[in-house]
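One structure is given below, encoded as structure tokens.
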Amino acid sequence: MRMSQLFSHTLRDAPSNTQAISHQLLERAGFIRQLGAGIFTAMPLGHRALAKIEQIVREEMNAIGGQEIKMPVVNPADVWQETGRWYAIGSEMSRFQDRTGSEMVLAMTHEEVVTDLARREIRSYRQLPRLVYHIQTKWRDDPRPRAGLIRVREFTMKDSYSFDVDEAGLDQQYRAHYQAYFNIFHRCGLDVIAVGSDTGMMGGSLAHEFMVLAPIGEDTLILCDSCGYADNRQVATFQKPPAPAEAPRPIEKVATPDVTTIDDLTAFLEIPPAKTAKAVFMMAEVAGQKVQSQEVESQEDEEQESEERFIFAVVRGDMEVNETKLANAVQARALRPATDEEIRAIGAEPGYGSPIGVHDALIVADEAIVESPNLVAGANEAGFHLRNVNTGRDFTPDIVTDITAAGEGNACPQCGHALRADRGVEVGNIFKLGTRYSAAMGATFKDSERVARPIVMGSYGIGIGRALACVAESHNDEYGLIWPITIAPYQVHITALTGRDEEVAQVADQLYADLSAVGVEVLYDDRDESPGVKFNDADLLGMPLRITVGSRGLKKGVVELKRRDRKERTPVPLDEIIETVQAEIAALAAEIEAQVVDVPFRES
RNA sequence: CGGGGCGUAGCGCAGUUUGGUUUAGCGCGCACGGUUUGGGUCCGUGAGGUCCGCGGUUCAAAUCCGCGCGCCCCGACCA
């Protein structure tokens, strides 16, 4: 490609509405242009890089038996109604009516469509297992797009869907994806870790997220440097310090004026936080009556199947509530803090709450509460607390489970080493869906006993644009981008220092032609610009190899070769440049290839 | 959706507080001419603006007021 013909141009200054380094560099280098919040055009250079990522994805998906298809972006509402997500998902899913007034949605993922396909195509266990995937535009009306391509509303995603007869088959495909994803990201030059994750709105039994560790990341990860444990904070666990065994003592009311926080309480009573019970009041939006939607005829009914329920969560004073765990424990669609009025309505008191004697509330106690005797809790009366509160004797939780948040310094659940928290960008995820969608939509197969059984499914996604942004985010220096050879829009950037010397242009033209002829992808800066401009643009654009053709070198019969990621510039005789470039490309590719290794499967 | 910030030429900004001398400027970029040719050369000429939109106040609005729209950041949210 001749730069004189290129559709995009570089910017000396980043647009003022950019913040993330990847966003700034991709904009400045002309890889992307923004149309609206979370809506971008991929310009020629950006499009080429994205296409390369997609091709890597294809190769790895094909390698594990994937068959590429393409499903529609616009879906009739009915399949989404069948699974209930039409009602469960809020304004993040955009809906509209077609000309006949039929409800339509812009697909934000494709479980419904692919399950519809499966029930049409798959009849027998003999047709299983199968794996299909597609690379398609998705629309999610995210309330807060940010950081350029990191979090957008319209984006391209690879999603694959596996179909199996049983859990064992699903596990096999799940593990195949686990390794394929590492291969894909490693081939893109991305350093990722797999962390155990919440299944969120997808449902399902097991899920991993593939994370690029980066400060710009929005997910908090809990990691163990000793044994490799890694979970999203939403699901991370830890070894809770046990409470000393004590015989239960009689409950005792104490005056604690103006003591409303755990800090105040521990100071006032001179006790450790672990001897206190912390109350957290939430309102949960929960489904009213269970609707196992096999045949949901009355849609309106289901729409109204949502009510608010008061959640009284209790954790030990030395721990924090993890809202994701809490929401899962009570099967809530959403949680919000309760108001003071709502707290008083159940018989509790803000700042002095305890589960003793409250009514119309679902009491959820953390495991550690049950194991910890003689805690100090509120008296549900302003200015008073209770000593020696004991679970079972003084109150009975409705649910006992782990609802605490793991954090920096907690003990690793596997080895006890101190945990570390870090930030990550999710570039991929894998979910064991099980039969949630197939059962809801009637996607069944006949097994060898002629019994119809729901197909066991998995769902696996990769954000293509987000992956590109992550590469840009992690591969750059003060001068610009530094693309891995595998996804660089072009492998070589020829900088022709054309001046009065006509030979330079002739040699550069020939070099461009010769390299192109042997299959090397070349971006050729043939513009009438000063050397400084060309060098700076070459650095900004970040192609892995740069060839400088100038009269200074030509006098000695050489051109200069430079790797973008290194300082050295090497003079190469003109008659050796083709082979040298090919060798350098091979070397760069080998460096990436060396990163593509088998990764042992970890549950978390 | 809550809090904050911003919206003036393709990009970056000044001007807005204190309305009028601003036919709205500056740098970069762009066009033309010349110059230069190994790290954003230099000189000259020139084009380019609904000052986000609508409404209001005023003799007079980029500037004050109201409403709306858009974008960015923090939070809520996020398959």
Side-chain angles (χ1 to χ4, degrees), chain A residues 8-20 23-24 27-28 30 33-39 85 88-93 107-112 138-148 150-153 155 157-159 161 197-204 207 209 216-220 232 234 323-324 327 333-337 425-431 433 437 459-463 466 479-480 495-502 504-505 525 527-540 546-555 559-560 562 569 571:
Chain A
S8 59
H9 68 283
T10 56
L11 298 172
R12 191 173 294 210
D13 302 304
S16 61
N17 64 354
T18 61
Q19 192 84 24
H23 191 189
Q24 294 188 338
E27 244 345 307
R28 283 188 56 207
R33 293 293 181 239
Q34 184 165 2
L35 180 63
I39 307 176
R85 285 162 117 193
I89 299 173
S91 51
E92 198 183 335
M93 182 160 75
M108 46 194 294
T109 176
H110 282 81
E111 280 77 17
E112 279 77 3
K138 318 238 165 185
W139 170 261
R140 289 182 193 172
D141 196 358
D142 192 304
R144 197 185 158 202
R146 61 177 285 272
I150 299 285
R151 185 168 160 184
V152 293
R153 295 196 291 171
F155 55 102
M157 184 170 203
K158 184 289 298 181
D159 39 331
Y161 302 93
S197 74
D198 186 44
T199 51
M201 83 171 195
M202 301 290 292
E209 292 169 336
I216 198 174
E218 298 184 89
D219 290 278
T220 300
N232 193 305
Q234 294 177 324
E323 287 193 23
T324 304
R333 288 178 189 167
L335 285 180
R336 66 167 175 86
V425 178
E426 180 188 352
V427 288
N429 55 39
I430 56 179
F431 285 93
L433 295 177
Y437 294 90
S459 166
Y460 318 85
I462 288 179
R466 187 178 276 189
Y479 304 107
T495 304
L497 303 183
T498 45
R500 288 230 178 83
D501 192 346
E502 286 175 20
V504 172
D525 193 347
R527 298 173 303 169
D528 182 21
E529 290 287 354
S530 69
V533 171
K534 292 192 174 186
F535 285 133
N536 278 294
D537 276 349
D539 288 343
L540 176 60
R546 186 183 79 196
I547 301 173
T548 303
V549 182
S551 54
R552 189 200 283 176
L554 288 189
K555 283 179 189 141
V559 293
E560 176 190 282
K562 178 181 177 298
R569 308 162 180 198

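Because the structure is predicted, anything quoted here is derived from the model rather than measured.
Atom CG of A:Asp13 and atom C1' of B:C28 are 7 Å apart (whole Å). For the pair A:Arg146 CZ and B:A76 P, the interatomic distance rounds to 12 Å; values are reported in whole Å. To the nearest angstrom, P of B:U37 lies 13 Å from CZ of A:Arg552. Rounding to whole angstrom units, CG of residue A:Asp525 and P of B:G39 are separated by 15 Å. Distance A:Ile216 CD1 to B:C73 P: 9 Å, rounded to the nearest Å. Separating the CG atom of A:Asp219 from the P atom of B:C77 is a distance of 12 Å, rounded to the nearest angstrom. Distance A:Glu529 CD to B:G38 C1': 15 Å, rounded to the nearest Å. Summarising the geometry, the separation between CZ on A:Phe431 and P on B:C78 is reported as 12 Å, rounded to the nearest angstrom.
For A:Asp219, the salt bridge (charged side-chain N to carboxylate O under 4.0 Å, His left out) test picks out no residue, with sequence neighbours left out. Scanning for side-chain contact (heavy atoms from CB on, under 4.5 Å) contacts around A:Asn536 gives an empty result, with sequence neighbours left out. By the side-chain contact (heavy atoms from CB on, under 4.5 Å) test, A:Lys562 pairs with A:Arg546, A:Arg569, sequence neighbours left out. Listed by chain and number, the residues in a side-chain contact (heavy atoms from CB on, under 4.5 Å) with A:Thr18 are A:Ala14, A:Pro15, A:His23, A:Gln24, A:Glu27 (sequence neighbours excluded). When the side-chain contact (heavy atoms from CB on, under 4.5 Å) test is applied to A:Gln19, no partner is found at least two apart in sequence or on another chain.
Within the 4.0 angstrom heavy-atom criterion, base atoms lie near A:Arg569. Residue contacts for A:Ala147: at a heavy-atom cut-off of 4.0 Å it reaches the sugar-phosphate backbone alone, with no base atom in range. Within the nucleic acid shown, A:Pro15 comes within 4.0 Å of sugar-phosphate atoms alone, with no base atom in reach, counting heavy atoms only. Using a 4.0 Å heavy-atom cutoff across all strands shown, A:Thr548 reaches at least one base atom of the nucleic acid. Here A:Asp539 lies in heavy-atom contact (under 4.0 Å) with a base. The residue A:Thr18 sits apart from the nucleic acid: no heavy atom pair falls under 4.0 Å.
Of the C1' atoms belonging to B:A76 and B:A14, the separation is 37 Å, rounded to the nearest Å. A distance of about 43 Å separates the P atoms of B:A31 and B:G75, rounded to the whole Å. Across B:G25 and B:G15, the matching P atoms stand 16 Å from one another, rounded to whole Å. The C1' atoms of B:U50 and B:C69 are separated by 15 Å, rounded to the nearest whole Å. Spacing between B:C52 and B:G7 at atom C1', rounded to whole Å, works out to 6 Å. Taking atom C1' in both B:G20 and B:U58, one finds a spacing of 12 Å when rounded to whole Å. Distance check on atom P: B:U63 versus B:C1 gives 27 Å, rounded to whole Å. A gap of 10 Å separates the C1' atoms of B:G19 and B:A62, to the nearest Å.
Contact of A:Arg151 with B:C77 (side chain to base): a donor-acceptor pair of N or O atoms is detected under 3.5 Å. Side-chain to base pairing of A:Arg546 with B:G39: one donor and one acceptor N or O lie within less than 3.5 Å of each other.
Pairing of B:G12, defined by two Watson-Crick or G-U wobble distances under 3.5 Å, is identified with B:C26. With a 3.5 Å ceiling on both atom-pair distances, B:C51 lacks any Watson-Crick or G-U wobble partner. Nucleotide B:C6 has B:G70 as its partner under the Watson-Crick or G-U criteria, with both atom distances under 3.5 Å. With a cut-off of 3.5 Å on both Watson-Crick or G-U wobble distances, the partner of B:A31 is given as B:U45. Using the Watson-Crick or G-U wobble rule with both distances under 3.5 Å, B:C1 pairs with B:G75. The partner of B:U21 is absent, by the rule that a Watson-Crick or G-U pair needs both atom distances under 3.5 Å.
RNA chain B is contacted by both A:Gly36 and A:Phe155; A:Gly36 maps to the nucleotide lying nearer its 5′ end (nearest heavy atom per residue). When each of A:Pro145 and A:Val549 is assigned the nucleotide of RNA chain B with its nearest heavy atom, A:Val549 is the one assigned upstream, toward the 5' end.
Salt bridge absent: A:Asp142 and A:Arg153 never bring a charged side-chain N and a carboxylate O closer than 4.0 Å.
Residues A:Met157 and A:Arg466 have side chains not in contact (no heavy-atom distance under 4.5 Å, counting atoms from C-beta outward). The side-chain heavy atoms of A:Glu111 and A:Arg85, taken from C-beta on, include a pair separated by under 4.5 Å. Side-chain contact check for A:His110 versus A:Lys138: some heavy-atom pair is nearer than 4.5 Å.
When distances are taken from the side chain of A:Asp142 to each of B:C71, B:C77, B:C11, the shortest belongs to B:C77. Taking only side-chain atoms of A:Ala37, from C-beta outward, the nucleotide of B:G38, B:C77, B:C71 with the closest atom is B:C71. Out of B:C72, B:C11, B:C78, the shortest distance to the side chain of A:Glu218 is found at B:C78.
In terms of phosphate contacts, A:Gln34 brings a side-chain nitrogen or oxygen within less than 4.0 Å of OP1 or OP2 of B:C72. OP1 or OP2 of B:C13 lies within a sub-4.0 Å distance of a side-chain N or O belonging to A:Ser16.
Remark: A:Asn232 CG to A:Thr220 OG1 distance equals 7.5 Å, nearest 0.5 Å.
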Atom pairs under 3.5 Å: protein N/O with N/O of nucleotides 40-44 of chain B:
| unit_1 | atom_1 | unit_2 | atom_2 | d |
| --- | --- | --- | --- | --- |
| B:G40 | O4' | A:Asn536 | ND2 | 3.3 |
| B:G40 | O2' | A:Arg12 | NH1 | 3.1 |
| B:G40 | O2' | A:Arg12 | NH2 | 3.3 |
| B:G40 | O6 | A:Arg28 | NH2 | 3.4 |
| B:G40 | N2 | A:Asp537 | OD1 | 3.3 |
| B:U41 | OP2 | A:Ser530 | OG | 2.4 |

